[in-house]
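Okay, here's the structure, questions in a sec.
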Number of protein chains: 2
Amino acid sequence: MSDEPHFLREERVEISRADANSEAAVEPLQLGKRVREIRLSQNLTLEEASKRTGLARSTLSKIENEQISPTFSAVNKLVKGLGIDIPQLFSQPKRSAAAGGRRDITRTGTGTPHPTPTYEHEMLATQLTSKKMIPYRTTVRARSFEEYPEWVRHDGEEFLYVLKGSLLFYTEFYEPIELFEGDSAYYDCEMGHSLVSTSEADAEVIWVTA
Amino acid sequence: MSDEPHFLREERVEISRADANSEAAVEPLQLGKRVREIRLSQNLTLEEASKRTGLARSTLSKIENEQISPTFSAVNKLVKGLGIDIPQLFSQPKRSAAAGGRRDITRTGTGTPHPTPTYEHEMLATQLTSKKMIPYRTTVRARSFEEYPEWVRHDGEEFLYVLKGSLLFYTEFYEPIELFEGDSAYYDCEMGHSLVSTSEADAEVIWVTA
DNA sequence: AACAAAAATTTCCTATTGGAAACTTTTGTA
DNA sequence: TACAAAAGTTTCCAATAGGAAATTTTTGTT
């Protein structure tokens, strides 16, 4: 047998193609290592993991030793059977740290206030600069759509989560929709958007922009 | 040729095994449909998608028509080449997405569940693909730091907001810090991080990764 | 250390994937 | 409608994945 995993060879070919052609270089991706760590962390033997996932002992062994590239079907069984966190599977090994280790904690109510006629923003994590996302907690003062002179539009995407109360979510291209505690929305900010409280007390939301 | 995809048959076997044995029933999972939606939404032909991903036209066609279960290696090429959001691939089909002014509402409790030994994730806004951010609502099941075999590390930045309960926020380069309802944190994910509930009931948080 | 039991790996084999090219369907244009 | 070009599907085959069982390695006990 070749002592080099086939799909790694494949990857290498892929990289050169990408060089010549267009995008996407595909890195090695140490799926096997990951899987082994996860299995051991749950104190499972291959036999037990086999029962949980429905994959043969031998297959699991080969996956862990990076001797095969499992099918999507097999990966799914792994994910479901072992309760694997998906982002970890696909992200890089990430050598032990030394990389960006920033952290910023914001205690309730201690964010930076930023009031407007219609919203009462509390900006979070303001200590950190150059963030990919901008999070804030907002109280929606507006009580009718007319309070907005014009659509709010800006770059990027926005995630919205309703903490308290209820509100109407107006968007340029859709019917307004009422959101309640625990509901969330994700949308393109180039599309006009605005919020109007409908509950007795002003609604409160978490907003994250990227 | 059989008119039934092989791996679907396989899945069915898996389900019965799971019934008899222990956990994890694996659903059909319409990967193909997803991929097609994503490709078309970017106005790509199979030929173009082939160039971007490095997979043969024919292979792409078969994947989209659910005639084969691609290997992990192939899935990776898809992900990198077409800019697919990983979690989308593992979550249920749902409806198709529009382009331009996108919007996706997720009602309380209707997100896509993704349980792990330590966290109970509910993925939000799973109908939209190619998002800059990935939002989750998570219940923290872990009760001690020892339940994590190793630091969780991955690419990007993360915003965390505590909805309910209290928890200890462990990070690789800082002292653990206790967070309460309404507190939030923003940090680099390359730095090891994990959460442990300290309140009577499991703590609940909103998590947004970018 | 020697042995037995458990766990992991490897072998051997069949079934499935993935690529090249042939073929079919769809689209658009006169 | 007829035709050509583009897009998509299917076929065929070599390469690879996945399962059962044999083999090797590790672990634990005396």
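Letters go in sequence order (proteins before strands), and every chain restarts at 1.
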Practice problem: Please list, chain by chain and in numerical order, all residues satisfying salt bridge (Lys or Arg N to Asp or Glu O under 4.0 Å) with A:R103, sequence neighbours excluded. | Solution: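 Applying salt bridge (Lys or Arg N to Asp or Glu O under 4.0 Å) to A:R103 gives none.
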Quiz prompt | Protein-nucleotide distance (A:I68, atom CD1; C:dA15, atom P), rounded to Å | solution = 17 Å
Quiz item: Is the shortest side-chain N/O distance from B:T71 to OP1 or OP2 of C:dG18 below 4.0 Å?
Solution: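 B:T71 to C:dG18 OP1/OP2: side-chain N or O found under 4.0 Å.
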Quiz item: Tell me: CG of B:L60 to C1' of D:dT10, nearest whole Å?
Solution: 15 Å
Quiz item: Mind checking what makes side chain to side chain donor-acceptor pair (under 3.5 Å) contact with A:Y119, not counting sequence neighbours?
Solution: A:Y148
Practice problem: Using whole Å, report how far NZ of B:K77 lies from C1' of C:dT17. | Solution: 12 Å
Exercise. List in chain and number order the residues that pass salt bridge (Lys or Arg N to Asp or Glu O under 4.0 Å) with B:D104, two or more places apart in sequence or in another chain; answer none if no residue qualifies.
Key: none
Practice problem: Go through the structure and list residues passing salt bridge (Lys or Arg N to Asp or Glu O under 4.0 Å) with B:E47, not counting sequence neighbours. | Solution: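 Only B:R57 meet the salt bridge (Lys or Arg N to Asp or Glu O under 4.0 Å) criterion with B:E47.
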Practice problem: Please state how far atom CG in B:N43 lies from atom P in D:dA6, giving the value in whole angstrom units. | Solution: 17 Å
Give me, pair by pair, the N or O atoms of the protein and of nucleotides 5-9 of chain C that are less than 3.5 Å apart, along with how far apart they are.
| unit_1 | atom_1 | unit_2 | atom_2 | d |
| --- | --- | --- | --- | --- |
| C:dA8 | OP1 | A:R39 | NH1 | 3.3 |
| C:dA8 | OP2 | A:L46 | N | 2.7 |
| C:dT9 | OP1 | A:R36 | NH1 | 3.4 |
| C:dT9 | OP1 | A:R36 | NH2 | 3.4 |
| C:dT9 | OP2 | A:R36 | NH2 | 2.8 |
| C:dT9 | OP2 | A:S61 | OG | 3.1 |
| C:dT9 | OP2 | A:N65 | ND2 | 3.4 |

Quiz item: Tell me: CG of A:L55 to P of D:dA17, nearest whole Å?
Solution: 14 Å
Quiz item: Excluding sequence neighbours, so at least two apart, what forms salt bridge (Lys or Arg N to Asp or Glu O under 4.0 Å) with B:E64?
Solution: B:R36, B:R39
Quiz item: Under 4.0 Å between a Lys/Arg side-chain N and an Asp/Glu carboxylate O for B:K164 and B:D202?
Solution: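 Looking at B:K164 and B:D202, the cut-off is not met.
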Quiz item: Roughly, in whole Å, what's the span from CD in A:E66 to P in C:dT10?
Solution: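 Computing the A:E66:CD to C:dT10:P distance gives 14 Å.
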Quiz item: Angle, rounded to 10°, between the helical axes spanning five pairs at each terminus of the helix from C:dA1-D:dT30 to C:dA30-D:dT1?
Solution: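 Between the axes fitted at each end of the helix from C:dA1-D:dT30 to C:dA30-D:dT1 lies an angle of 40°.
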Exercise. Identify, with sequence neighbours excluded, every residue that meets side chain to side chain donor-acceptor pair (under 3.5 Å) alongside B:S50.
Key: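 Applying side chain to side chain donor-acceptor pair (under 3.5 Å) to B:S50 gives none.
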Quiz prompt | Partner residues of B:Y161 under the ring pair (Phe, Tyr, Trp, His ring centres under 6.0 Å) criterion, sequence neighbours left out | solution = none
